[in-house]
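As structure tokens, the structure follows; a few thoughts come after it.
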Amino acid sequence: MLKDYYKNYIETDYDEKGIISKFKINAPDDFNFAYDIIDKYGELEPDARALVYTNPKGDERTFTFGQLSKASTQAANLFASKGIKYGDKVMLVLKSHYQFWLAMLGLEKLGAVAVPATHMLTAKDYVYRFEQAEMKHIIITGDDINAAKSAEDADRELGGVLLNKFIVNGGQYDGWLDFDAELEKQPDTMIRVKSDSRDMLLLYFTSGTTGYPKMVTHNHRYALAHTQTAMWLNNRYDGLHLTIADTGWAKAMWGKMYGQFIMGSAVFVYDYDRFNPLEMLSVVSKYKVTSFCAPPTMYRFFIQEDVKQFDLSALEYCCTAGEALNPEVFERWREFTGHKMMEGFGQTETVIIVATMPGMEPKPGSMGRPLPLYATDIFGDDGKPVAAGEVGEICIKCSRGDDGLFDGYLKNHELTDSMWHDGLYHTGDTAWKDEDGYFWYVGRNDDMIKSSGYRIGPFEVESVLMTHPLVMECAVTGAPDPVRGQVVKATVVLVKDAEGSDELVKELQKHVIDNTAPYKYPRIIEFVSELPKTISGKIRRVQIRKEDNK
């Protein structure tokens, strides 16, 4: 049965409260998700729903596991016919079009490496990526003329390095192949390509807050490790899961691909250009989404609308990650839907490693507790776990190459070694844990503010500011000060129709003083219309600091 097939690869156990206490991967050396999960499910239950797609224009497409299996084989045959082979790197710039899933699985069947990317890249970004990853193939959306033009400009600048250029979903471009038309010509059978589960599966350019993006590599066992992520999301057989994330981000692998399919849950895809809370609530209602994950900011947009006008009765579970979750949003969402939001933490380099799992009682603002796949704790500078209440770095006691953890930064051994040493993987993120073992995020190591001898994590100040009803988004940084070295500065985006003023500055400062240690309050508050962000949506505190240091 498809419902329990994952147990062939995953060993689990649960404590007396029903909370997962053991998670172990048992997979053969030649495990390949596309063959061993998608094709197998296509055999076991070919009519079971796998992917539900729609967009604001009302286009709809549903794939069963049987259809997904055959279409991905056609994609593999197409790629092979155009010379794409084992180990080749292929960039995917497809937003949330359903062809992303066919292309991903087709590449996996060949043993090629997928390099997902956002459609917001510029020509300069493409040049860097083509050169660094030595890529010669791209599959790109045709409904964003700037995306295709930027890629074309980059290829021209490099002297025509791309051997294959596929366009998806409309648009006529000289020298580009129509992916949809070419796919239809291909046979839907193939001989399995031999592969190793330790071979490279994915390459992500992760946009850090400083310097050029790093190349994070994952092998084929990464897919199985995301079963733990799916268990956090409470994905179930015959469910329908929606994670709001563009396919160019690693978060798409968390909530739109591996774990969901392994657990037998269908993936819901809404291919939109600009986030609209009413539209999103409407499709969640219409298509009867059963489990849902979005950043806290999007939940903040939701609760400003009349949520009760939508029938969300099919919704069973809600999760969130990536930002501070304030109690007001938590309580309002529970009031509207009856569901508690379950938080989690991980990185592009990992799967979920800390989370509020099913059966646990959530503490709004806490990431939850370490999950059983990894020995995760908070460590001090001496390499030993810190006591409850002390701030340290989130680290995993492990060996390089453990399932679900990245293999390294491609072409950057020095950086890889700096993250992986002394028997620990160093996340670079700081936190503290309470007496119940729940983790509370503080900030990135390089974002720590040092003011008058105090070490202040931006995340804890941001968490308090986000509980104020007029604050939509904020970024806390250290601004230079001749007396204190640094002072806390908050750059704030207000909710719709709110206006910044001297009175509001004082109100926000008092709000922080009343809700956390007084020395942490922002002595400087700047109101802006938007925050500087990377193309993957991360706030660029480094840019704010750079402006302040001029």
Side-chain angles (χ1 to χ4, degrees), residues 295-304 320 322-335 341 343 362-367 389-391 430-432 434 438 440-444 447-532 539 541 543-545 547-549:
T297 295
M298 290 188 176
Y299 282 104
R300 287 181 68 85
F301 279 109
F302 290 143
I303 65 172
Q304 292 185 52
T320 190
E323 306 164 13
L325 173 65
N326 68 65
E328 180 206 2
V329 175
F330 179 92
E331 292 299 339
R332 290 284 304 283
W333 184 253
R334 180 165 64 170
E335 174 191 331
M341 279 185 278
E343 296 181 67
K363 297 184 179 184
S366 166
M367 299 180 286
E390 291 185 29
V391 174
T430 58
W432 60 276
D434 63 23
Y438 282 69
W440 300 80
Y441 192 74
V442 174
R444 293 289 298 172
D447 285 333
M448 293 297 289
I449 302 165
K450 298 174 184 178
S451 180
S452 298
Y454 292 108
R455 283 169 55 86
I456 303 167
F459 194 82
E460 51 192 334
V461 183
E462 289 168 0
S463 298
V464 173
L465 282 169
M466 291 291 286
T467 65
H468 193 282
L470 295 184
V471 176
M472 177 59 70
E473 283 188 302
C474 65
V476 168
T477 54
D481 182 83
V483 177
R484 295 177 174 84
Q486 288 182 313
V487 293
V488 178
K489 176 188 175 183
T491 306
V492 175
V493 177
L494 298 173
V495 298
K496 184 171 56 179
D497 298 329
E499 293 185 4
S501 65
D502 291 342
E503 290 73 20
L504 184 55
V505 166
K506 293 175 183 177
E507 183 179 330
L508 293 176
Q509 289 173 330
K510 184 177 186 302
H511 181 71
V512 174
I513 290 169
D514 290 344
N515 289 279
T516 189
Y519 67 84
K520 298 177 184 177
Y521 88 91
R523 294 176 182 272
I524 302 172
I525 294 181
E526 179 184 1
F527 299 108
V528 297
S529 59
E530 61 181 1
L531 296 173
I539 296 172
R541 294 185 184 86
Q543 184 172 325
I544 297 172
R545 290 195 296 264
E547 292 296 321
D548 288 339
N549 280 302

May I ask you to test the [X]-[Y] pair for a side-chain heavy-atom distance under 4.5 Å?
X      : Y      : result
Ile524 : Val487 : yes
Ile449 : Gln486 : yes
Met472 : Gln304 : yes
Ile456 : Ser451 : yes
Gln509 : Ile525 : yes

Could you check Leu531 against Val493 for side-chain contact (heavy atoms from CB on, under 4.5 Å), going step by step and ending with a plain yes or no? CA-CA 7 Å; Leu531 296 173; Val493 177; 3.8 Å; yes
Parallel, tilted or perpendicular, judged at 30° and 60°: which one describes the rings of Trp440 and Trp432? parallel
So, for [X] and [Y], which heavy atoms are closest and what is the spacing to 0.1 Å?
X      : Y      : value
Arg300 : Met466 : NH1-O, 2.7 Å
Val512 : Pro522 : CG2-CD, 3.8 Å
Ile544 : Ala475 : CD1-CB, 3.8 Å
Glu499 : Leu494 : C-CD1, 3.5 Å
Cys474 : Ile539 : O-CD1, 3.7 Å
Thr467 : Pro327 : CG2-CD, 3.6 Å

Can you measure from [atom1] ([X]) to [atom2] ([Y]) and round to the nearest 0.5 angstrom?
X      : Y      : atom1 : atom2 : result
Glu343 : Phe330 : CD    : CZ    : 8.5 Å
Thr491 : Gln543 : OG1   : CD    : 10.5 Å
Tyr299 : Glu328 : OH    : CD    : 15.5 Å
Phe527 : Ser501 : CZ    : OG    : 6.0 Å
Glu331 : Ile303 : CD    : CD1   : 11.0 Å
Asn515 : Lys520 : CG    : NZ    : 11.5 Å

So, are Glu547 and Lys489 salt-bridged, with charged N and O less than 4.0 Å apart? no
Side-chain ion pair, Lys363 and Asp434, N-O less than 4.0 Å: yes
Donor-acceptor pair, side chain of [X] and main chain of [Y], under 3.5 angstrom:
X      : Y      : value
Arg541 : Thr477 : no
Thr320 : Met341 : no
Glu462 : Val476 : yes
His511 : Val464 : yes

Assess the side chains of His468 and Glu507: does a donor N or O sit below 3.5 Å from an acceptor N or O? yes
Test applied, side chain to side chain contact (heavy atoms under 4.5 Å, CB included); reference residue, Leu470; option that passes from Val492, Leu504, Leu508: Leu504
